[in-house]
Amino acid sequence: MNAVLTAREMSLADRAAIEELRTGETRLMELAGRETVRMIAGRFKSGRSLDGLSALIVCGKGNNGGDGFVVTRHLLNRGAKVDVLLAWPEEELAGVNLEGLHILKAYRRYNEGLRIFTGIDEARTSVGATEYQVVVDAIFGTGLRIDADDPKLREPAKSAVELINFVNDHSEAVTVAVDLPSGLDATSGRASEPCVKADMTVTMAFLKTGFFQNAGPSHCGEIQTAEISIPEFLVEPTSCLLVDETFAAESYLLRDPSSAKHLNGKVLLVTGSTDGGGSMLGAALLAARAAVKTGAGYVCASLPDGHASVMHSFAPEVVVIGRDMVSIIEKAKWADAIVIGCGIGRSEEAQELVETLLCTPEIVGKKLVLDADALYAIAERNLFDRVTGLEDAVLTPHAGECSRLSGLSVEDIMVSPIDTARMLAEEWNANLLLKGTPTFVASPSGMVLISDSGTEALASAGTGDVLSGMIGALAAKGLDTHEAAAAAAWLHGRAGDLASNVSSLVSSVDVLQAIPQAVLELFESEE
């Protein structure tokens with residue numbers, strides 16, 4: 001998994017590279033610019049030559065602008081034609097940034113493909129008359145902080161950002177942000193007014209938490225990480241990691257050739273309900289079938305009386321027991337993981353059942369997945385005040401359910417989802433999977449795992465039930481619930497992508513059926 005850093009953590013790593021490893025600013029800037037050009041070339045599927053490429057580089061007065069000067073030089077070296085726009089007066093540049101500009105001025109004696117504009121007003125006419133294939137945003141780096149109460153950019157940054165976005169909106173040019181889109185807060189993901197909307201972000205050394213919060217996902221475009229010789233051992237132990245395919249593959253435990261069903265994960269699901277002529281048995285069916293499809297060796301479902309035939313017609317592998325506590329406790333002792341809540345209902349009887357389950361030692365001592373109506377019961381009955389021993393449980397709310405559980409507003413949760421998930425996991429002493437795009441999985445220790453594999457394909461009724469069954473299976477197979485939740489979230493998102501070429505047509509059953517393909521991909525990629 002890749003570390004995801006705040007602006008402060010990145011600043012400390014950058015400083016450590018300079019002070020402890022003696023990696024000078026000029027060297028870091030050179031690597032940043034060269035890697036950005038390499039990724040631009042990859043975007044255009046070219047080799048070393050970029051002959052005929054026309055680029056506009058918009059540079060600030062700090063180190064991000066210095067990176068832009070290096071980008072310019074390497075683009076010229078590959079045959080591109082480049083216009084450089086200095087958003088601030090030259091006299092405000094200093095140190096390695098001013099040195100970078102002087103190198104470019106020397107280049108003009110040998111390269112007619114370079115134009116340097118000293119100010120936005122000077123550049124407007126020429127920029128408007130030029131057809132660019134690439135626009136590089138090198139205005140601000142990770143040092144910019146966005147105040148939620150005053151997000152407006154000041155001049156000349158405002159006009160520079162507006163120019164980049166204008167070219168992007170009115171041409172086929174690809175906008176490439178160096179490190180992060182200018183106007184985006186690297187830590188919080190808050191966006192200034194205006195903020196660059198990039199097609200690709202080439203971030204230096206490590207991912208940033210702002211990429212995954214607030215405006216980050218909609219402004220960064222495709223994210224590429226540039227290796228600029230800031231090794232991971234310089235980073236303070238980070239509390240945020242991005243789940244990737246490698247983690248998902250390592251987390252999926254294959255069956256031993258000599259093993260039996262009871263050694264490959266036993267899952268108990270207390271799910272589904274029928275009440276007053278209505279039915280939520282579909283949630284139980286989806287969760288149970290997902291546990292089977294994710295590789296659990298033995299799956300048992302506690303259903304309302306008289307509904308075993310419904311389960312057997314949809315998932316004949318699943319054993320069905322009744323809803324009485326004697327049967328449930330007996331199977332709870334047997335189970336490796338227990339899923340509670342999917343479609344269990346919100347009646348007083350259902351809430352009482354959830355309370356009883358979570359106050360039963362044979363159940364609360366197991367790996368638990370608490371979803372949907374179980375979360376409703378916890379909130380309504382204030383069960384956090386009475387239930388202990390949830391260290392290896394995972395709660396799986398979306399923002400609305402999290403609001404009900406915590407008393408926080410949905411807006412407050414979504415403004416700072418990483419910190420909120422971390423705080424609530426610590427407060428409740430349980431793992432918390434905060435559903436969304438991306439999904440955040442926090443542990444009581446403060447570690448947050450981010451899964452960004454999901455898309456709008458998962459915005460369909462029942463997909464949450466599928467996720468719960470998947471988590472239950474992975475936990476039963478041997479993972480703790482924190483890792484199981486993160487790996488299942490990644491696989492769940494990938495299954496959604498594979499379910500259909502048209503995301504708006506994906507249903508929860510489609511996601512369910514795509515789980516084996518998502519798992520198969522993990523091991524094909526390792527070959």
Straight-line distance of [X] [atom1] to [Y] [atom2], nearest 0.5 Å:
X      : Y      : atom1 : atom2 : value
Leu479 : Glu250 : CG    : CD    : 11.0 Å
Asn429 : Thr388 : CG    : OG1   : 9.0 Å
Cys240 : Leu207 : SG    : CG    : 9.5 Å
Phe69  : Ile103 : CZ    : CD1   : 10.5 Å
Asn2   : Phe247 : CG    : CZ    : 12.5 Å
His398 : Ile413 : NE2   : CD1   : 10.5 Å

Minimum heavy-atom separation for [X] and [Y], please, with both atom names.
X      : Y      : result
Phe211 : Cys220 : CD2-SG, 3.5 Å
Cys195 : His219 : SG-CD2, 3.6 Å
Pro194 : Val161 : CG-CG1, 3.7 Å
Ala148 : Arg190 : CB-NE, 3.6 Å

Kindly indicate, with the supporting measurements, whether the criterion side chain to side chain contact (heavy atoms under 4.5 Å, CB included) is fulfilled by Val339 and Asp371. CA-CA 8 Å; Val339 179; Asp371 186 30; 5.6 Å; no
I would like to know whether Val174 and Phe44 meet side chain to side chain contact (heavy atoms under 4.5 Å, CB included); could you show each step before the answer? CA-CA 10 Å; Val174 175; Phe44 286 87; 4.2 Å; yes
Any [X] side-chain heavy atom under 4.5 Å of [Y] side chain:
X      : Y      : answer
Phe206 : Ile230 : yes
Arg124 : Phe117 : no
Val354 : Gln351 : no
Tyr252 : Leu474 : yes
Tyr132 : Ser171 : no
His102 : Glu90  : yes
Leu86  : Leu101 : yes
Asn97  : Lys61  : no

Distance-only, no hydrogens or angles: does the [X] side chain make a donor-acceptor pair with backbone N or O of [Y] under 3.5 Å?
X      : Y      : answer
Asp137 : Ser182 : yes
Thr439 : Ser451 : no
Arg386 : Arg381 : yes
Gln213 : Ile418 : yes
Thr463 : Leu458 : yes
Asn214 : Val415 : yes
Ser403 : Leu408 : yes
Ser460 : Ser507 : no
Ser126 : Ala123 : no
Ser468 : Gly464 : yes

Side-chain donor-acceptor contact under 3.5 Å, [X] with [Y]:
X      : Y      : value
Ser251 : Glu483 : no
Asn168 : Asp199 : yes
Arg27  : Ser229 : no
Thr201 : Thr203 : no
Thr481 : Asn431 : yes

Check this for me: [X], atom [atom1], are more than 12 non-hydrogen atoms of other residues, nucleotides or ligands nearer than 6.0 Å?
X      : atom1 : result
Arg404 : CZ    : yes
Asn501 : CG    : no
Arg145 : CZ    : yes
Glu172 : CD    : no

Please walk me through it: do Arg346 and Glu380 pass salt bridge (charged side-chain N to carboxylate O under 4.0 Å, His left out)? CA-CA 10 Å; Arg346 297 185 174 186; Glu380 288 296 300; over 6 Å; no
Tell me whether the rings of Trp428 and Phe384 are parallel (<30°), tilted (30 to 60°) or perpendicular (>60°).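 Parallel.
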Glu193 pairs by salt bridge (charged side-chain N to carboxylate O under 4.0 Å, His left out) with which of Arg154, Lys152, Lys158? Lys152
Does Glu30 pair with Arg34 as a salt bridge, N-O distance under 4.0 Å? no
Member of Val134, Thr36, Leu50, Val70 meeting the side-chain contact (heavy atoms from CB on, under 4.5 Å) criterion with Leu75: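 Result: among Val134, Thr36, Leu50, Val70, Leu50 is the only option passing the side-chain contact (heavy atoms from CB on, under 4.5 Å) with Leu75.
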Of Asp179, Thr6, Val4, the residue whose pairing with Lys208 passes side-chain contact (heavy atoms from CB on, under 4.5 Å):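 It is Asp179; the other options fail the test.
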Show, in sequence, the C-alpha distance, side-chain angles and deciding distance for Tyr107 and Val82, and conclude whether the side chain to side chain contact (heavy atoms under 4.5 Å, CB included) test is met. CA-CA 12 Å; Tyr107 255 66; Val82 185; over 6 Å; no
Under the side chain to side chain contact (heavy atoms under 4.5 Å, CB included) rule, what do His74 and Asn77 come out as? Steps first, then yes or no, please. CA-CA 5 Å; His74 284 284; Asn77 291 345; 4.2 Å; yes
